[in-house]
Amino acid sequence: MKLQPLFDNILIEILENHEKTTKSGIVLPDNVEKKEQSRGIVSAVGPGKFGKEGTRIPISVKVGDKVVFSKPWSDDKKFEENGKKFYLVSEEDILAIIQE
């Protein structure tokens, strides 16, 4: 997808095949998950937003990072291309970088 996010926005390709397993080993179906969190791979990153001093604050993730993020509540930030799903989220919606 050729989309360049602006400011502190980040384009994330959704990883839909991650297992949702309890500590005891029970695999949960998608409709059981209560929290609106998802996993994905960062596809594009904006340049960052401007701070009070007028300097740009860099984004803390980079293209290729696997992340856990809060899904946007509205579908206007959801995109599909070639069978892949993407979300455009703000940096503050990224909860963690998955380190493998």
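All figures in this text were calculated on a predicted structure; none of them were measured in a lab.
Scanning all heavy atoms of the two residues, the minimum distance from Phe69 to Val89 falls at CD1-CG1, 4.0 Å. Pairing each heavy atom of Gly48 with each of Arg56, the nearest pair is O-NH1, 2.6 Å.
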Show the atom names and distances, to 0.1 Å, of all donor-acceptor pairs under 3.5 Å that link a side chain in residues 58-67 to residues at least two apart or in another chain.
| residue | atom | partner | partner atom | Å |
| --- | --- | --- | --- | --- |
| Ser60 | OG | Glu91 | OE2 | 2.6 |
| Lys62 | NZ | Asp65 | OD1 | 3.1 |
| Asp65 | OD2 | Lys62 | N | 3.0 |
| Lys66 | NZ | Glu100 | OE1 | 3.2 |

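For Asp8, the side chain to side chain donor-acceptor pair (under 3.5 Å) partners are Ser90, not counting sequence neighbours. By the salt bridge (charged side-chain N to carboxylate O under 4.0 Å, His left out) test, Lys78 is found to be paired with no residue, residues two or more places apart in sequence or in another chain being considered.
A distance of 5.5 Å separates CG in Leu88 from CZ in Phe79, rounded to the nearest 0.5 Å. Distance NZ/Lys85 to CD/Glu80: 5.5 Å, rounded to 0.5 Å. Going from atom NZ of Lys77 over to atom CG of Leu11 covers 12.0 Å, rounded to the nearest 0.5 Å. To the nearest 0.5 Å, atom CG of residue Asp93 and atom NZ of residue Lys71 are 13.0 Å apart.
Of the possible polar contacts, none joining the Arg39 side chain to the Leu15 backbone as a donor-acceptor pair under 3.5 Å is found.
Residues Ile12 and Phe86 are not in side-chain contact: their nearest non-hydrogen atoms beyond the backbone lie 4.5 Å or more apart. For the pair Leu95/Ser70, a side-chain contact is recorded, criterion being any heavy-atom separation below 4.5 Å from C-beta on. Side-chain contact between Tyr87 and Ile14 is present, with at least one heavy-atom pair separated by less than 4.5 Å. Side-chain atoms of Ile10 and Pro5, non-hydrogen and from C-beta on, never get closer than 4.5 Å to each other.
Residues in residues 43-53 take part in no salt bridge (charged side-chain N to carboxylate O under 4.0 Å, His left out) pair, two or more places apart or across chains.
Summarising the hydrophobic clusters (Ile, Leu, Val, Met, Phe, Trp, Tyr; side-chain heavy atoms under 4.5 Å, direct or chained), the residues clustered with Phe7 are Leu6.
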